[in-house]
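Beneath this line is the structure, given in structure tokens, with notes to follow.
The chains referred to below are lettered A, B, ... by the order of the sequence lines, with proteins before strands, and numbering in each begins at 1.
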2 protein chains.
Amino acid sequence: MTAHGEGVADGDAGNPSTSRQSSEAVDEPEARERARVIPEAAVARLAVYLRVLSGMADQDVSTVSSEELAVAAGVNSAKLRKDLSYIGSYGTRGVGYEVAVLIGQIERTLGLTRKHSVAVVGIGNLGHALANYGGFPSRGFPVSALFDLDPDLMGVPVGGIPVDHIDDIVRVCTEREITIGAIATPAKGAQEVCDRLVEAGVRCILNFAPVVLQVPEEVEVRKVDLAVEMQILSFHVARRGQEATELSEPEAAGPEKPENGAESGGAAMTAADHRMNAGGDPVDGMVVRP
Amino acid sequence: MTAHGEGVADGDAGNPSTSRQSSEAVDEPEARERARVIPEAAVARLAVYLRVLSGMADQDVSTVSSEELAVAAGVNSAKLRKDLSYIGSYGTRGVGYEVAVLIGQIERTLGLTRKHSVAVVGIGNLGHALANYGGFPSRGFPVSALFDLDPDLMGVPVGGIPVDHIDDIVRVCTEREITIGAIATPAKGAQEVCDRLVEAGVRCILNFAPVVLQVPEEVEVRKVDLAVEMQILSFHVARRGQEATELSEPEAAGPEKPENGAESGGAAMTAADHRMNAGGDPVDGMVVRP
DNA sequence: TGATGTGAACTCCTTCACAGCG
DNA sequence: CGCTGTGAAGGAGTTCACATCA
């Protein structure tokens, strides 16, 4: 990343765990940069507003109030107005916003007036899904290159694009002016793939592999980790159940912060062994028809 | 949601936009609830630490310092120690943490000692990927039910599980004690699917469809939106390029916050029309072999 | 009148820096 | 002595509430 702190939880703590891979502190404190630095969190929401607005435009809605748009996007109107204020003042007091204008301004802000060609590396199930994902080309993100290791896949068209070998990443990505790389390989190959993408000039990476990628600071990595998402959900189930328990037996339920995990220490050990294959699970350890 | 605010950017602003679907404000201010409420952002990172720790355990590493673990997880050590402090004091000063103990405690905290059966709805490319994703069962999230509309898929086993009809969601999910539902349908069917899952008692939903789901407050939704992730990356490319421009021509680059978007207003209009299919794009609008 | 745009309060999270303990 | 655990300081993001203007 470049500046800004974290902002996790993607909405919330990371999410598959969407959230940008924490590249850590560093932050350029540079005093300059006035008001226009849009909070990371706001950027994510702008993308959501854009989707909602597009839907409205398709239904020939020409004007929306902050309240309407907020409800449709699942946020409160104050937050929405503040988010929009980061990109300028395009509303009309007493009336609302013109859908077309907002769409245009958000697209401009998000840099969507430029085309961003995407390369997908790792053509397993997930790679197939990405290559065929209709939401990309329709939103200005054409998938223009596919890569894999499997010799059987070379040249085979997936979603209309023939698969190239991973060794050709640098050449092909440069030729096709790829700006975004999606890594859908198993964990072990991910870092190497990443390095090649960076070498090819790719500065934005969407990482589906369950590893923390090491990249130069000018490269932006966003991570999507399904297992992490699941675990976050799991946490909420657990917490909820626990709260319920506490309500029936006020104080005395679970060991919350055991200074010295006694019984829970024992449970921990057993739990530890029931866990398996750590950093090595493939993002898509399957073939298209099992 | 239940308590807590947002926490976006998940790491950063949402991601596919991981981040939990903002269910908005409400927050139960209840003064009680002592120190043990783990920040949403910390929960997401705990899941990451768990993965890294598991990898270390597989390599027979028995002890780690906060510094080592922090580097491996891509965060700074102070943050890591604070995160771990939320779940208790399991380190040894002057030494570090025992890998096995930490794994057990994190698993306990995340509620991973309990099995969470997953249902996948929408067996398109993405659904296939999810059904076959090796990372789920190996982490205690067995995929135990699959649903789709397509009559041709009924009974066909995908990843070992036969596909059931969407109309049977309530019955099947109840029978198999599903606790997590993954919605990988096109946008239009998502809300209905969601309603049925909720009716079946599912309280955690991972939503891949590009819509904001409406759910009762006791249900936790996390959203993964690939298009949003892409747009966030796009924003960073744009900002970066713009910064570079500013460096060459100090002040005078792009219209940053045009009180009255003049030229940018014009550009906006054109940009608006180049956008297409709004909220209706399927998450996986493709068949397994195109 | 009615909805935007925004300063200011507030809450949540991160970072610092050091006391404390093995 | 080294590393953990944490109070306190500092930022970032959210919410409030109202001045402002079409």
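Closest to the side chain of A/S89, out of C/dG5, C/dA3, C/dC13, is C/dG5. For A/Y86, the side-chain atoms get nearest to D/dT14 when compared with the rest of C/dC16, D/dT14, D/dG5.
The residue among A/D83 and A/T92 whose nearest nucleotide of DNA chain D lies closer to the 5′ end is A/D83. Between B/K82 and B/G94, it is B/K82 whose nearest contact on DNA chain C lies nearer the 5' terminus.
Distance CG (B/N76) to P (D/dT4): 13 Å, rounded to an integer number of Å. Taking atom CD of residue A/E40 and atom C1' of nucleotide D/dG11, one finds them 15 Å apart after rounding to whole Å. The distance between atom OH of A/Y90 and atom C1' of C/dT6, rounded to the nearest whole Å, is 16 Å. Atom C1' of nucleotide D/dT4 and atom CD of B/E98 are separated by 15 Å, given to the nearest angstrom. Spacing between atom CG of B/L80 and atom P of C/dC16 amounts to 15 Å, rounded to whole angstrom units. Between the CZ atom of B/R81 and the P atom of C/dT15 there is a distance of 12 Å, rounded to whole Å. A straight line from CG of A/L102 to P of C/dA3 spans 16 Å, rounded to a whole angstrom. Protein atom CG of A/L84 is 8 Å distant from nucleotide atom P of C/dG5, rounded to whole Å.
In this structure, B/N76 CG and B/E67 CD are separated by 8.5 Å, a value rounded to the nearest 0.5 Å.
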Q: Check step by step if salt bridge (Lys or Arg N to Asp or Glu O under 4.0 Å) holds for B/R239 and A/E40.
A: CA-CA 12 Å; B/R239 194 169 58 99; A/E40 190 72 21; 5.7 Å; no

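Phosphate contact (OP1/OP2 of D/dC3, side-chain N/O of B/S66, threshold under 4.0 Å): absent. Contact between the side-chain N/O atoms of B/R93 and the OP1/OP2 oxygens of C/dA19 is not found at any separation under 4.0 Å. Using a 4.0 Å cut-off, some side-chain N or O of B/Y97 falls inside it from OP1 or OP2 of D/dG5.
Inter-residue side-chain proximity for A/L213 and A/Q191 is flagged as met; some heavy-atom pair is nearer than 4.5 Å. Put simply, the side chain of A/R203 does not reach to within 4.5 Å of the side chain of B/V237, judged on heavy atoms.
Side-chain atoms of A/S234 come within 3.5 Å of backbone N or O of B/G111 as a donor-acceptor pair.
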